[in-house]
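Down below is the structure, laid out as structure tokens.
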Amino acid sequence: MNLLVSLLLAITPQEKTTAARITAPELSGHVRFLSDDLLEGRKPGTPGDAIAVQYLAAQLEAFGYKPGGDNGTFLQAVPLVELHADAPKQIAFQAGTQTLQLTNGIGTASDLIVEPNAHIDRATLQNTPMIFVGYGITAPEYGWDDYKDVDVKGKIVVVMNFNPPFKGEGVRLWYGRWDYKYLNAAKHGAAGAFVIHTIPSAGYPWQVLANSNNGTHQDLPPNDAEPHTMQFQGWIQDAAAINLAKLGGQDLAALRTAADQKGFKPVPLGTTLTLDMPIIRKNISSANVVGILPGTDPKLKAEAVMYSAHHDHLGRMTPVPPATDGIFNGALDNASGCSAVLTIAHALTYAPPKRSTVIVFVTAEEQGLLGSKYFAQHPAFPAGRIAVDINVDSFNKWGKTSDVGLSGMGKSTVDDVARKVAAEQGRTMHGEAHPDRGGYYRSDQFSMARVGVPSLYSVGGPNFVGKPQGWGDEQSLDFEKHNYHQPSDEYHGDWNFEGAVQDAQLQLIVGLRIANAPQMPSWLPGDEFEAARKSAQR
């Protein structure tokens with residue numbers, strides 16, 4: 001008996017039978033509906049979003065799940081607020097008698113993106129000084145503080161994307177994410193913040209931001225942990241940031257070099273900004289969809305294994321670009337993830353595990369993980385009783401793989417379960433293929449990790465069966481360049497679902513094993529989320 005056959009025998013007959021219920025036609029059918037033009041890109045608060053929510057809830061009800069939302073329903077209302085800034089198309093920066101005009105708005109020709117941050121009726125800045133704060137990071141555990149010895153209260157900060165190599169060169173942490181940059185700037189009292197965009201530091205081209213920018217974004221109501229007190233938040237193209245620094249007599253390249261050192265201190269740019277920006281606020285109706293499959297064990301059913309995926313996308317683009325319909329269908333991102341979780345949820349009804357299963361389709365991920373943040377604050381099971389969050393944010397549409405990438409590998413004992421299941425499939429497991437993207441901190445499992453719940457966030461590849469080395473990376477990068485957050489992320493019935501089936505079967509079996517195990521997984525000692533877990537289990 002060869003090694004592969006012996007490994008495959010480790011999958012139990014029940015697991016094999018249950019996993020066989022994950023099929024390409026079921027995955028395809030859900031993707032086809034959820035990414036259809038009928039749903040108009042599923043932006044929270046739109047009719048298409050409401051259709052997606054009702055579809056997901058109806059599927060869970062048909063599978064036999066119990067409602068896990070508000071008042072005996074499958075829906076957990078999420079109190080979103082939409083903020084729309086009537087920002088000028090040309091924004092002027094001054095240094096003495098010199099002026100630099102930068103273009104704000106939709107399209108790759110724009111220099112800036114300016115959005116509201118504070119929940120106010122009008123953003124007003126008058127000759128407000130700008131200051132370069134390096135990475136904009138305050139990380140005492142690494143002995144790093146980019147705000148040291150300088151008061152930025154009432155000033156505008158300009159921030160580099162990414163983070164220093166705290167965990168190795170090219171590894172992005174939450175400190176390297178835009179949402180952290182804005183949050184930390186607000187905590188330091190800044191009046192506004194620009195994050196400098198480069199393709200290497202962002203992990204995606206400017207078009208991903210600019211093509212969907214209309215000065216509008218959605219938010220949860222402010223709270224003490226995440227204040228929204230800045231007049232604005234924004235992005236600035238690299239070339240525009242270089243010119244902005246030059247306007248005030250600074251060399252941005254030299255500033256960046258200095259900012260890579262622990263002893264860096266913020267540097268005034270010598271420029272100011274005057275801005276008057278009316279803000280329109282309105283409440284948005286959207287919801288997380290929550291279903292529960294009760295566990296079979298009288299004691300363990302009080303605990304749960306969670307599967308999650310975000311159901312929202314970006315809606316419609318206006319004006320409609322040439323050669324497109326302007327609809328952000330979000331087929332791969334994330335009709336595919338919803339499809340995988342629905343199909344897993346269906347399969348689980350044929351082998352209900354000892355712990356309960358909670359299925360959560362969250363809203364407003366594209367707006368900053370808002371739906372999962374809200375669910376983490378108001379979970380269907382106490383966070384300390386959720387064994388794991390198995391999150392699916394875009395699956396593999398290109399075929400079978402000989403390997404699996406695990407985002408956040410090395411953080412919890414979930415790795416051991418996943419690695420064993422992958423080996424039983426004849427696949428190897430490794431860390432995420434592109435650690436510079438910071439995948440662990442940019443999807444919904446991060447919201448659950450912050451309240452102490454370990455996670456599995458995995459996708460097959462980049463090594464594809466029957467394809468040459470590097471082919472998988474080529475497909476991924478091509479999608480990112482041409483389709484990610486673009487109207488071209490559509491489904492035309494032409495995907496290869498073999499890899500998606502592989503991955504969903506792995507996610508199913510990992511969930512079954514954790515749901516039937518005597519003990520729940522744990523964070524590895526010293527992990528950044530270990531303390532949150534201990535607090536949640538008190």
Side-chain angles (χ1 to χ4, degrees), residues 29-31 33-36 38-82 218-221 223 282-294 304-315 330 334-346 348-349 356-383 385-386 389-393 443-445 447-448 451 453:
H30 294 311
V31 174
F33 180 82
L34 288 168
S35 64
D36 192 85
L38 171 71
L39 277 68
E40 298 185 318
R42 307 187 306 278
K43 186 172 183 179
T46 65
D49 171 60
I51 294 171
V53 164
Q54 292 300 326
Y55 177 83
L56 295 166
Q59 293 296 314
L60 291 179
E61 184 174 10
F63 297 160
Y65 280 70
K66 306 299 182 185
D70 303 331
N71 304 316
T73 72
F74 286 92
L75 307 188
Q76 179 188 56
V78 179
L80 297 177
V81 180
E82 186 166 274
Q218 295 171 350
D219 208 348
L220 292 172
N223 57 58
K282 65 177 180 179
N283 294 328
I284 294 297
S285 176
S286 189
N288 297 331
V289 181
V290 187
I292 297 171
L293 182 67
V305 165
M306 173 178 168
Y307 286 88
S308 62
H310 73 90
H311 63 69
D312 66 296
H313 202 52
L314 299 173
N334 189 36
S336 73
C338 291
S339 165
V341 171
L342 276 177
T343 304
I344 290 168
H346 193 190
L348 283 168
T349 63
S356 296
T357 303
V358 57
I359 304 293
V360 188
F361 298 102
V362 296
T363 187
E365 188 267 359
E366 303 290 6
Q367 303 292 324
L369 313 184
L370 303 183
S372 57
K373 281 183 185 178
Y374 188 80
F375 182 81
Q377 295 162 7
H378 308 87
F381 284 75
R385 295 183 185 175
I386 300 177
D389 173 24
I390 300 175
N391 185 52
V392 189
D393 191 352
S443 194
D444 294 300
Q445 74 286 330
S447 296
M448 300 309 299
V451 295
V453 179

Under a 3.5 Å threshold, yes or no: a donor from one side chain and an acceptor from the other, between Ser308 and Asp444?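 Judged by distance alone, the side chains do not pair up.
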Is there a donor-acceptor contact under 3.5 Å linking the side chains of Glu366 and His313? yes
What's the spacing between Thr363 OG1 and Leu80 CG if we round to 0.5 Å?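 Atom-to-atom, Thr363:OG1 and Leu80:CG are 5.5 Å apart.
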To the nearest 0.5 Å, what is the distance between OG1 on Thr46 and NZ on Lys43? 8.5 Å
Checking Asn391 against Val341 for the side-chain contact (heavy atoms from CB on, under 4.5 Å) test, could you report, in this order, the C-alpha distance in whole Å, the side-chain angles of both residues, the deciding distance, and whether it holds? CA-CA 8 Å; Asn391 185 52; Val341 171; over 6 Å; no
Where is the tightest heavy-atom contact between [X] and [Y], given as atom of each residue plus distance?
X	Y	result
Ala345	Leu60	CB-CD2, 4.2 Å
Met448	Ile386	CE-CD1, 4.0 Å
Ile390	Val305	CD1-CG1, 4.3 Å

Check against side-chain contact (heavy atoms from CB on, under 4.5 Å), Glu365 and Ser443: CA-CA 7 Å; Glu365 188 267 359; Ser443 194; 3.9 Å; yes
Anything under 30° is parallel, anything over 60° is perpendicular, the rest tilted; go ahead and classify Tyr55 against His30.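 If you compare the ring of Tyr55 with that of His30, the planes turn out perpendicular.
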Mind checking whether Phe361 and His311 have ring centres under 6.0 Å apart? no
As a quick check of understanding, evaluate side-chain contact (heavy atoms from CB on, under 4.5 Å) for Tyr65 and Val290, giving each step before the final call. CA-CA 9 Å; Tyr65 280 70; Val290 187; over 6 Å; no
